[in-house]
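Heads up, the thing below is written out as structure tokens.
Please read these numbers as outputs of a predicted model, since none were measured by experiment. Values below: every heavy atom of this structure, side chains too, minus hydrogens, waters and symmetry copies.
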Amino acid sequence: MGTSAGVGLSLHKNPADAGKEAALQAMERGGIAKPDFVFVFATVGYDQELLLRSIRDATAGAPLSGCSGEGIITAGAAAETNFGVCVLAIASDELRFANACVQGFDAGYARAGEELAEEVRPLLHPDTVACFLFADGLLFDFDPFRDAFERTLGHDRKLPLFGGLAANNLSTRKTYQYHNDRVISEGICCVVMSGNARLAWGVNHGCVPVGTRRTITRCQGNIIYEIDGIPALEALKEYIENGSASDWNRVTLNLCLGFKTPEHLRQEYGEYIIRYMMDKNDAEGWVSIQSDVTQGSALWIMRRDKELMREGLQAISEHIREQLGTSRPKLVMQFECMGRGRVVYREQEKIELLKSLQDDLGAGLPWIGFYSYAEIGPVSGYNCIHNFTSVLLAVY
């Protein structure tokens, strides 16, 4: 049989109709009577429980994983709307999928990493090739999670991590993670993929510095309290347009922080590691990011560059084609920063850019993804979190 995969999309506002349409469409396009596994990405306008229930009913209760996004991505479509759902249905006698989840960060992100590793360890096999992660994008610190996860897993080889942080529509205060029948928040869902498969992927951000080097002078974990001896928010003011300082969403969609890329990652990644400022405290003047920082670290204020983003997608495509050789992907997954969607490109421009990328890798491929609050993908053998970035993975 090999691997059959199909992707379905629905923009219906009714969650029951939307879930059913996307699921049935995915199975029809993949020629699948009953899926072995289902990935789901959806936006937050739906009643999430009803949406998931309809997908589970239509797929005969197939194991399921995924999360909410600011938008969804399929072949020829990138819908950034409150009502959009996409489903990837997979049936295979050469690939196996097993899922797990943990909920709650009260004991810390390191403890969450340990708990998830304990759930994942029994799912690993000698032919395990990757693990997909979907975590709450409103409160997540990747570095302590990853370190604890990898240490507790004790795998004899590095397990590549791919995925993204769940997103919303910038106005609600929740994101959602999906595990079989469950819809959770403040959690992490994951999928272990094993079997006869190889991976080809690429990572690119397309951001440039807009100022001179700055220095973190006070911080703790993933919170930056001071830059150059003054509150972090005060240091950012000169880069913020008049009138927009109170609109944090607008600020952080246009500005991000850049750190010098460590030497062991630089050849594959470029000069700067990009970090999204996910939260702030006006009274104390701090900002937080999704990985840990250290006092004395240099940083640069960064912004997106439209042409660099376009060139970066072309570079990703070329890199993946080189890895694929003459092979055709079984499926493609795209984890795209929501700051690289409609906030940058006009709708037609965005679709044309996506179509060009998809045509480069092969028209008609099962293709699914979402616009996230952070992207996860390995660089030079190290599992990393990325911001303002595209992570593209082909399974072949």
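Placement of Leu199 and Leu365 in two distinct hydrophobic clusters is found when ILVMFWY residues are connected by side-chain heavy-atom separations under 4.5 Å, directly or transitively. Residues Ile274 and Met278 are members of one and the same hydrophobic cluster, defined by side-chain heavy-atom contacts under 4.5 angstrom among Ile, Leu, Val, Met, Phe, Trp and Tyr.
The shortest side-chain heavy-atom distance between Tyr276 and Gln290 falls under the 4.5 Å cut-off. For the pair Val379 and Cys384, the minimum side-chain heavy-atom distance is below 4.5 Å.
What you find for Met302 and Leu257 is that their closest heavy atoms are CG-C, 3.8 Å. Across Pro262 and Ile273, no two heavy atoms sit closer than the pair CD-CG1, 4.1 Å.
Side-chain contact check for Asn99 and Asn180: at least one donor-acceptor pair (N or O, by modelled atom type) lies under 3.5 Å. In this model, no donor atom of one side chain and acceptor atom of the other lie less than 3.5 Å apart for Gln295 and Ser297. A donor-acceptor pair shorter than 3.5 Å can be found between the side chains of Gln348 and Glu352. When only modelled atom types and interatomic distance are considered, Glu150 and Asn383 share a side-chain donor-acceptor pair under 3.5 Å. No donor-acceptor contact under 3.5 angstrom links the side chains of Gln177 and Arg182, judged on distance only. Arg29 and Gln25 share a donor-acceptor pair across their side chains, judged by distance under 3.5 Å alone. If you check the side chains of Asn82 and Asn169, you find a donor sitting under 3.5 Å from an acceptor.
Glu375 CD to Ile385 CD1: the interatomic distance, rounded to the nearest 0.5 Å, is 8.0 Å. With rounding to the nearest 0.5 angstrom, the OG1 atom of Thr3 is 4.0 Å from the CG atom of Leu95. The OH atom of Tyr396 sits 6.0 Å away from atom CG of Leu324, with the distance rounded to the nearest 0.5 Å. For the atom pair CG (Leu138) and CG (Asn168), the distance works out to 5.0 Å, reported to the nearest 0.5 Å. The CZ atom of Arg303 sits 13.0 Å away from atom CD1 of Ile301, with the distance rounded to the nearest 0.5 Å. Here the straight-line distance linking atom CE of Met193 with atom SG of Cys131 works out to 10.0 Å at 0.5 Å rounding.
Cluster partners of Tyr178, using a side-chain heavy-atom cutoff of under 4.5 Å among ILVMFWY residues and allowing indirect links, are Val38, Val40, Val44, Tyr46, Leu51, Leu52, Ile55, Leu64, Phe83, Val85, Val87, Tyr176, Val183.
Cation-pi geometry between Lys280 and Trp248 is met: under 6.0 angstrom from the ring centre, within 45 degrees of the axis.
Ring geometry for Phe335 against Phe132 counts as tilted: the plane angle lies between 30° and 60°, on a 0 to 90° scale.
With sequence neighbours left out, Pro160 forms a side-chain contact (heavy atoms from CB on, under 4.5 Å) with Phe162, Pro378.
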Report task. Take Leu361 and Trp367, measure what side chain to side chain contact (heavy atoms under 4.5 Å, CB included) needs, and give me the verdict at the end. Result -> CA-CA 10 Å; Leu361 292 184; Trp367 191 296; 3.8 Å; yes
Requested in this report: Using the salt bridge (charged side-chain N to carboxylate O under 4.0 Å, His left out) rule, take Glu118 and Arg111 through it: C-alpha gap first, then chi angles, then the decisive distance, then the call.
Outcome: CA-CA 11 Å; Glu118 289 162 2; Arg111 181 57 192 148; 3.7 Å; yes
Query raised in the report: Stepwise, does the salt bridge (charged side-chain N to carboxylate O under 4.0 Å, His left out) test hold for Glu271 with Arg266?
Result: CA-CA 6 Å; Glu271 189 173 357; Arg266 188 167 299 174; over 6 Å; no
Report task. Start with the C-alpha distance between Phe37 and Thr59, add both sets of side-chain angles, then the distance that settles side chain to side chain contact (heavy atoms under 4.5 Å, CB included), and finish with yes or no. Result -> CA-CA 9 Å; Phe37 200 85; Thr59 58; over 6 Å; no
Query raised in the report: Yes or no on salt bridge (charged side-chain N to carboxylate O under 4.0 Å, His left out) for Lys350 and Glu80, after CA distance, side-chain angles and deciding distance?
Result: CA-CA 11 Å; Lys350 180 179 69 175; Glu80 295 177 82; 2.6 Å; yes
**Report entry** Verdict with supporting geometry, Phe97 and Phe39, side chain to side chain contact (heavy atoms under 4.5 Å, CB included)
**Finding:** CA-CA 11 Å; Phe97 299 87; Phe39 285 92; 4.1 Å; yes
Report task. Assess whether salt bridge (charged side-chain N to carboxylate O under 4.0 Å, His left out) is satisfied between Asp181 and Arg56, documenting all intermediate values. Result -> CA-CA 7 Å; Asp181 292 317; Arg56 294 274 285 169; 2.8 Å; yes
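Heavy-atom neighbours of Tyr382 OH from other residues, nucleotides or ligands within 6.0 Å: at or below the threshold of 12. Annotation for Lys306: atom NZ counts as buried by contact number, over 12 foreign heavy atoms lying within 6.0 Å. For Glu94, the CD atom counts as densely surrounded, since its 6.0 Å shell holds more than 12 non-hydrogen atoms of other residues, nucleotides or ligands. Within 6.0 Å of the NZ atom in Lys174, the count of heavy atoms belonging to other residues, nucleotides or ligands does not exceed 12. The environment of Arg198 atom CZ is sparse: at most 12 non-hydrogen atoms of other residues, nucleotides or ligands sit within 6.0 angstrom. Within a 6.0 Å sphere centred on NZ of Lys20, heavy atoms belonging to other residues, nucleotides or ligands number 12 at most.
A side-chain contact (heavy atoms from CB on, under 4.5 Å) with Arg96 is found for one member of Leu123, Asp127, Val192 and no other, namely Asp127. Checking each of Glu70, Glu336, Glu347 against Arg342 for a salt bridge (Lys or Arg N to Asp or Glu O under 4.0 Å) leaves exactly one that passes, namely Glu70.
For His386 and Tyr269, the ring centers are positioned less than 6.0 Å apart. Residues Phe142 and Tyr109 place their aromatic rings such that the two centres sit no closer than 6.0 Å. Aromatic ring centres of Phe41 and Phe134 lie closer together than 6.0 Å.
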Report, one line per pair, each donor and acceptor closer than 3.5 Å where one atom sits in a side chain of residues 223-233; sequence neighbours left out.
residue, atom, partner, partner atom, Å
Asp228, OD1, Thr215, N, 3.0
Asp228, OD2, Arg214, NE, 2.5
Asp228, OD2, Arg214, NH2, 3.4

